Amino acid sequence: MRRIYVGYGLINSGFSNSRDGRVNTSRPLGEYFAGGIAAVDPRTNTPVWTLDREWSLAHGNGILTTAGRVMFQGGPDGVLHAMDDTDGSVLWSFQCGAGVHTSPISYEIDGEQYVAVLAGGTGCRTRTSPGATTCGR
C-alpha cells in the first residue's frame, strides 16, 4: 500500500493570549505545542494511522522514508527516531545533542547505508543535559 507521511501541528487558535494589546501566542499559557505524524492513503485521502507527538511537526521537521519501510523523524528536543512505517512504532532513538529542525537524509558509501541530520541552533538544553528540562516547558 502506498502512503504519504505528513507531519502536523495542533494549535488552539480559538484562544488569544494578549499582553498590553499585543498577541504573543496562539495558545493558552502553560499549554504545550502538540502535533504528530499521519500516514495517509493518497487514493482515498484518509489517514491509515496517526501518531501523536509532543511537538508540532508542521514547520520543517521533515520525514525520511526508506525502501526498507523505516522512517526517520527528529524533533526540537534533539531526539531522532527511527520508526516502522507500517504503524509508527519506534524502533530506535538517538539524542543528537541539539534540536533537529531539518529532514534526515540517507546515503550510501561502499555498500553501507548511513542516515544523517543537521541538528543545532535551538538554544534548548537536551533532556540529558545536567539540570535540563524539556525544551519550551
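Throughout, residue positions are numbered sequentially from 1 according to the sequence presented. What you are looking at is a predicted structure, and each value in this text was computed from that prediction instead of being measured.
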Worksheet item: When you measure from the side chain of Tyr5 to the backbone N and O of Met71, does any donor-acceptor pair fall under 3.5 Å?
Response: no

Worksheet item: Which value, rounded to the nearest 0.5 Å, describes the distance between Met83 atom CE and Leu51 atom CG?
Response: 6.5 Å

Discussion item. Once side-chain hydrogen bond (donor to acceptor under 3.5 Å, both in side chains) is applied, do any residues pair with Thr50, and if so which ones, sequence neighbours excluded?
Written reply: none

Practice prompt. Give every residue pair that meets the salt bridge (charged side-chain N to carboxylate O under 4.0 Å, His left out) criterion with at least one member in residues 34-46, sequence neighbours excluded.
Written response: Asp41-Arg43

Response to the item:
Note: Arg3 and Asp85 closest approach over all heavy atoms is NH1-O, 3.2 Å

Worksheet item: With distance as the sole test, does Gln73 use its side chain to make a donor-acceptor pair with the main-chain N or O of Pro104 at under 3.5 Å?
Response: no

Practice prompt. Could you note down all residue pairs passing salt bridge (charged side-chain N to carboxylate O under 4.0 Å, His left out) where residues 104-114 supplies at least one of them, sequence neighbours left out?
Written response: none

Item to complete: Would you mind reporting whether Val40 and Asn45 have side-chain heavy atoms less than 4.5 Å apart?
Response: yes

Worksheet item: Of all residues at least two apart in sequence or in a different chain, which pass the side-chain contact (heavy atoms from CB on, under 4.5 Å) check with Ile4?
Response: Val6, Pro42

Practice prompt. Kindly write out the residues that satisfy side-chain contact (heavy atoms from CB on, under 4.5 Å) with Val70, not counting sequence neighbours, or none if the list is empty.
Written response: Thr66, Phe72, Ala82, Leu91

Discussion item. Minimum heavy-atom separation for Thr46 and Thr44, please, with both atom names.
Written reply: OG1-OG1, 2.7 Å

Fill in: Thr102 OG1 to Leu118 CG distance, which is reported to the nearest 0.5 Å
5.0 Å

Practice prompt. Rounded to the nearest 0.5 Å, what's the gap from OG on Ser93 to CG on Leu80? Could you check?
Written response: 8.0 Å

Item to complete: Indicate if Ile109 and Val115 have the same hydrophobic cluster label, given that clusters are the connected sets of ILVMFWY residues with side-chain heavy-atom separations under 4.5 angstrom.
Response: no

Worksheet item: What residues form a side-chain hydrogen bond (donor to acceptor under 3.5 Å, both in side chains) with Ser89, not counting sequence neighbours?
Response: Asp87

Fill in: Where Gly120 and Ala98 come nearest, the two heavy atoms and their spacing
CA-CB, 3.4 Å

Worksheet item: Are Ile105 and Tyr114 side-chain neighbours, meaning at least one heavy-atom pair lies under 4.5 Å?
Response: no

Worksheet item: Can you name the closest pair of heavy atoms from Ile63 and Gly7 and give their distance?
Response: CD1-N, 3.9 Å

